[in-house]
Trainee: 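This is the structure I want to talk about, given as structure tokens.
Start at 1 and go down the list; that is how both ligands and their atoms are numbered. No hydrogens, no waters, no symmetry mates; every other heavy atom, side chains included, goes into these values.
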Amino acid sequence: MVVASPNSIQTEKIVSINLPTIDLSKERATVAKLIVKASEEYGFFNVINHRIPQDIIDNMEEAGFDFFAKPASQKAKLASNYDSVPLGYGCKNIGFNGDVGEVEYLLLNGSASHISKISTTISNDPSNFRYRVVSAYRDAVEELACEILELMAEGLGVPNTSIFTTFINHPDSDSLLRFNHYPPLPPSLAFGDHSDPQIITLLRSNPVSGLQISLQHGLWIPVLPDPKAFSVNVGDLLQVMTNGRFVSVRHRAVTNSEKARMSIAYFGAPPLNACIVAPPEMLTPERPSLLFRAFTWAEYKKATYSLRLGDTRIDLFRN
Ligand SMILES: C=C1C[C@]23C[C@@]1(O)CC[C@H]2[C@@]12CC[C@H](O)[C@@](C)(C(=O)O1)[C@H]2[C@@H]3C(=O)O
Ligand SMILES: O=C(O)CCC(=O)C(=O)O
Ligand SMILES: [Fe+2]
């Protein structure tokens, strides 16, 4: 079905299709194959029966809504530029290079000092916020991300099935958590077209639409929120490590007039010094040579932050 896009989102077409939903409780080899197929065809899929306890999700969502309901002056105190990354609170500005949108966000990294600073400002019960809310959520989604990455390696036939998980399991992994809050506004672009630079993203939102993915230039597919599911998308690094078999899909978020939307994203990233390169098993008769040169996550991250949101940074690393 093709319908006209909202006026303020220019002239692109919005196309509805059913994206793959993968039931993690089904037979392992079948699940692994389905995940590989979805990662190749869409770079994006939903997982259900993920076994993350609902109270861990509810506590995190409640903390997010409580935070965004605070006065602007209080939230603004949490803006920070840590290690050249815009961590903490941001409103309408995305990154350092002039990208704007109707989103306010809270970006957290795993460092104890950062979460501890944020916790004392955000919550009257910092220890509860830090350990029982944020850390519990992060541990749970990280475990789910590892399960999915193991299934991907199995489905791809890579003998070392922990090839991807070792990066995000690592104590120095550079993973991030991000709350995005979209106020109810006439349909407009709130978080512009981009791909996620890391290995894998696990995203969920309250039951309000807004996320769209692009499989073909100019065609946008709305992703309907499913309260039972986590949305999973392939990041740039996983596209590189699968030698282009998996696609790091471009996506964006739009506002709607009726309801506020809040999404929570986990970006699974390797340690800064990790070397990113496709393993030999990814070389096939169809792709006999490496499409991307080897690089470290530090190099890739530097390129990411020096560019605009919508830039295709991965192209800088092609052979
Ligand atoms: C404009 C930018 C914001 C961003 C860093 C960048 O320079 C380009 C990529 C952006 C992005 C998109 C996915 C994630 O939300 C994010 C945290 C990331 O790792 O890359 C953001 C960055 C950000 O908002 O800091
Ligand atoms: O809010 C959303 O659905 C998308 C957010 C997103 O793409 C991001 O945080 O990188
Ligand atoms: Fe994203």
Trainee: With a cut-off of 4.0 Å, which atoms of ligand 1 are near a heavy atom of Ile94?
Mentor: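 Taking each heavy atom of Ile94 in turn, ligand 1 has 1 (C), 3 (C), 24 (O) under 4.0 Å.
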Trainee: If you check every N/O/S atom of Asp196, which is the one nearest the Fe ion (ligand 3)?
Mentor: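 When I compare the N, O and S atoms of Asp196, OD1 is nearest to the Fe ion (ligand 3).
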Trainee: For the ring pair Phe292 and Phe317, is the centre-to-centre distance below 6.0 Å?
Mentor: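 No, ring centres 6.0 Å or more apart.
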Trainee: Pairs of nitrogen or oxygen atoms closer than 3.5 Å, one from Asp196 and one from ligand 1: do any exist?
Mentor: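 It does not: no N or O of Asp196 is found under 3.5 Å from an N or O of ligand 1.
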Trainee: Find all atoms of ligand 2 within a distance of less than 4.0 Å from any non-hydrogen atom belonging to Phe191, and give their numbers and elements.
Mentor: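 That gives atoms 8 (C), 9 (O), 10 (O) of ligand 2.
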Trainee: How open is the angle at the Fe ion (ligand 3) from atom NE2 of His251 over to atom NE2 of His194, rounded to 10 degrees?
Mentor: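 Angle NE2(His251)-the Fe ion (ligand 3)-NE2(His194): 90°, rounded to 10°.
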Trainee: Counting both backbone and side chain atoms, is some N or O of Thr304 under 3.5 Å from an N or O of ligand 1?
Mentor: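 Yes - when backbone and side-chain N and O of Thr304 are compared with those of ligand 1, one distance drops under 3.5 Å.
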Trainee: List every atom of ligand 1 that sits less than 4.0 Å from any heavy atom of Pro86, numbering the atoms from 1 in the order shown and giving each element.
Mentor: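 Reading through ligand 1 atom by atom, the close ones are 25 (O).
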Trainee: Of the protein's non-hydrogen atoms, which lies at the shortest distance from atom 5 (C) of ligand 2, and what is that distance?
Mentor: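 Among all protein heavy atoms, the one nearest atom 5 (C) of ligand 2 is Asn180 ND2, 3.3 Å.
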Trainee: Pick one of side chain, backbone, both or neither for how Phe267 approaches ligand 1, counting any non-hydrogen atom pair under 4.0 Å.
Mentor: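 The answer is the side chain of Phe267.
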Trainee: Please determine whether a side-chain nitrogen of the Lys or Arg among Arg252 and Asp193 lies less than 4.0 Å from a carboxylate oxygen of the Asp or Glu.
Mentor: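 Salt bridge absent between Arg252 and Asp193.
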Trainee: Show me which atoms of ligand 1 lie under 4.0 Å from any heavy atom of Gly95.
Mentor: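 Answer, ordered by atom number: 1 (C), 2 (C), 3 (C).
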Trainee: Looking at Leu307, which atoms of ligand 1 are within less than 4.0 Å of one of its heavy atoms?
Mentor: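 In order of number, 7 (O).
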Trainee: Find all atoms of ligand 1 within a distance of less than 4.0 Å from any non-hydrogen atom belonging to Pro197, and give their numbers and elements.
Mentor: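 So the atoms of ligand 1 that pass are 13 (C), 18 (C), 19 (O), 20 (O).
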Trainee: Compute the minimum heavy-atom distance from Arg261 to ligand 2 and say whether it is under 4.0 Å.
Mentor: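 Contact check Arg261 vs ligand 2: positive.
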Trainee: By number and element, which atoms of ligand 2 are closer than 4.0 Å to a non-hydrogen atom of Arg178?
Mentor: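 So the answer, numbered in order with elements, is 9 (O).
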Trainee: Which protein heavy atom lies closest to atom 22 (C) of ligand 1, and at what distance to 0.1 Å?
Mentor: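 For atom 22 (C) of ligand 1, the nearest protein heavy atom comes out as Tyr305 OH, 3.6 Å.
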Trainee: Quick one: does Arg308 get an N or O within less than 3.5 Å of an N or O on ligand 1?
Mentor: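 Arg308 vs ligand 1: no N/O contact under 3.5 Å.
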Trainee: Which bit of His194 gets closer than 4.0 Å to ligand 2, counting heavy atoms only: side chain, backbone, both or neither?
Mentor: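 Contact part for His194 vs ligand 2: side chain (C-beta onward).
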Trainee: How about CD on Gln216, more than 12 heavy atoms from neighbouring residues, nucleotides or ligands closer than 6.0 Å, or not?
Mentor: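 At most 12 heavy atoms, drawn from other residues, nucleotides or ligands, come within 6.0 Å of this atom.
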Trainee: Any donor and acceptor pair, going by atom type alone, linking the side chain of Asn97 with main-chain N or O of Tyr305 inside 3.5 Å?
Mentor: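 Looks like yes, one N/O pair under 3.5 Å.
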Trainee: Do you know which of Val234, Asp196, Thr201, Leu215 makes side-chain contact (heavy atoms from CB on, under 4.5 Å) with Val249?
Mentor: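 With Val249 as partner, Val234, Asp196, Thr201, Leu215 yield a single side-chain contact (heavy atoms from CB on, under 4.5 Å), made by Leu215.
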Trainee: Within the 4.0 Å heavy-atom shell around His251, which atoms of ligand 2 are there?
Mentor: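 By the 4.0 Å cutoff, the relevant atoms are 7 (O).
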Trainee: Tell me which part of Asp196 gets within contact of ligand 2: side chain, backbone, both or neither, using heavy atoms under 4.0 Å.
Mentor: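 Under 4.0 Å from ligand 2, Asp196 contributes side-chain atoms alone.
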Trainee: Does Glu143, at its CD atom, have more than 12 non-hydrogen atoms belonging to other residues, nucleotides or ligands within less than 6.0 Å?
Mentor: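 Incorrect, the count does not exceed 12.
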Trainee: Could you tell me, atom by atom, which parts of ligand 2 come under 4.0 Å of a heavy atom of Tyr182?
Mentor: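 In order of numbering, the contacting atoms are 1 (O), 2 (C), 4 (C), 5 (C).
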Trainee: Hey, looking at atom 21 (C) of ligand 1, which of His194, His251, Lys301, Arg178 has the closest heavy atom?
Mentor: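 That would be Arg178.
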Trainee: So, Asp23 and Thr21: side-chain donor and acceptor under 3.5 Å apart, yes or no?
Mentor: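 The criterion, which ignores hydrogens and geometry beyond distance, is not satisfied for Thr21 and Asp23.
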Trainee: Pick one of side chain, backbone, both or neither for how Leu203 approaches ligand 2, counting any non-hydrogen atom pair under 4.0 Å.
Mentor: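 The answer is the side chain.
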Trainee: So, Arg28 and Glu154, do they make that salt bridge, N to O below 4.0 Å?
Mentor: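 A salt bridge links Arg28 with Glu154.
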Trainee: Take every heavy atom of Phe267, measure it against each atom of ligand 2, and state whether any distance is under 4.0 Å.
Mentor: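 In this structure, Phe267 qualifies as a contact of ligand 2 - some heavy atom is under 4.0 Å.
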Trainee: Provide the number and element of each atom of ligand 1 under 4.0 Å from a heavy atom of Gln198.
Mentor: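 By the 4.0 Å cutoff, the relevant atoms are 18 (C), 19 (O).
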Trainee: Quick one: is the NZ or CZ of Arg204 closer than 6.0 Å to the six-membered ring centre of Phe230, and within 45° of its axis?
Mentor: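 Here Arg204 passes the 6.0 Å and 45° test against Phe230.
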Trainee: Determine, stepwise, if the pair Glu147 / His50 fulfils side chain to side chain contact (heavy atoms under 4.5 Å, CB included).
Mentor: CA-CA 10 Å; Glu147 183 183 348; His50 47 69; over 6 Å; no
Trainee: Any non-hydrogen atom of Arg313 lying under 4.0 Å from ligand 1?
Mentor: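 True for this residue.
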Trainee: Report the relative orientation of the aromatic rings in Phe179 and Phe68; use parallel for angles under 30°, tilted for 30 to 60°, perpendicular for over 60°.
Mentor: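 Taking Phe68 first and then Phe179, their aromatic rings stand perpendicular (interplane angle over 60°).
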Trainee: Give a yes or no answer on whether the side chain of Thr255 reaches the backbone of Pro186 with a donor-acceptor pair at less than 3.5 Å.
Mentor: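 Between the backbone of Pro186 and the side chain of Thr255 there is a qualifying donor-acceptor contact (under 3.5 Å).
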Trainee: What residue and atom, counting heavy atoms only, is the protein's closest point to atom 10 (C) of ligand 1, and at what distance?
Mentor: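 The protein heavy atom lying closest is Leu309 CD1, 3.7 Å.
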Trainee: Is it true that Tyr89 and Phe67 have ring centroids separated by less than 6.0 Å?
Mentor: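 Close enough - the centres of the two rings lie under 6.0 Å apart.
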Trainee: Could you tell me whether Arg308 and Asp311 make a salt bridge, using a distance below 4.0 angstrom between a side-chain N and a carboxylate O?
Mentor: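 The answer is no: the pair does not qualify as a salt bridge.
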Trainee: May I ask you to say whether Arg293 pairs ionically with Glu299, meaning some side-chain N is under 4.0 Å from a carboxylate O?
Mentor: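 A salt bridge is present here (some side-chain N lies under 4.0 Å from a carboxylate O).
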Trainee: Which bit of Asp99 is near ligand 1, meaning a heavy atom under 4.0 Å away: side chain, backbone, both or neither?
Mentor: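 The side chain, only.
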Trainee: Identify whether the distance between the nearest side-chain nitrogen and carboxylate oxygen of Glu104 and Lys75 falls below 4.0 Å.
Mentor: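 The answer is yes: the pair qualifies as a salt bridge.
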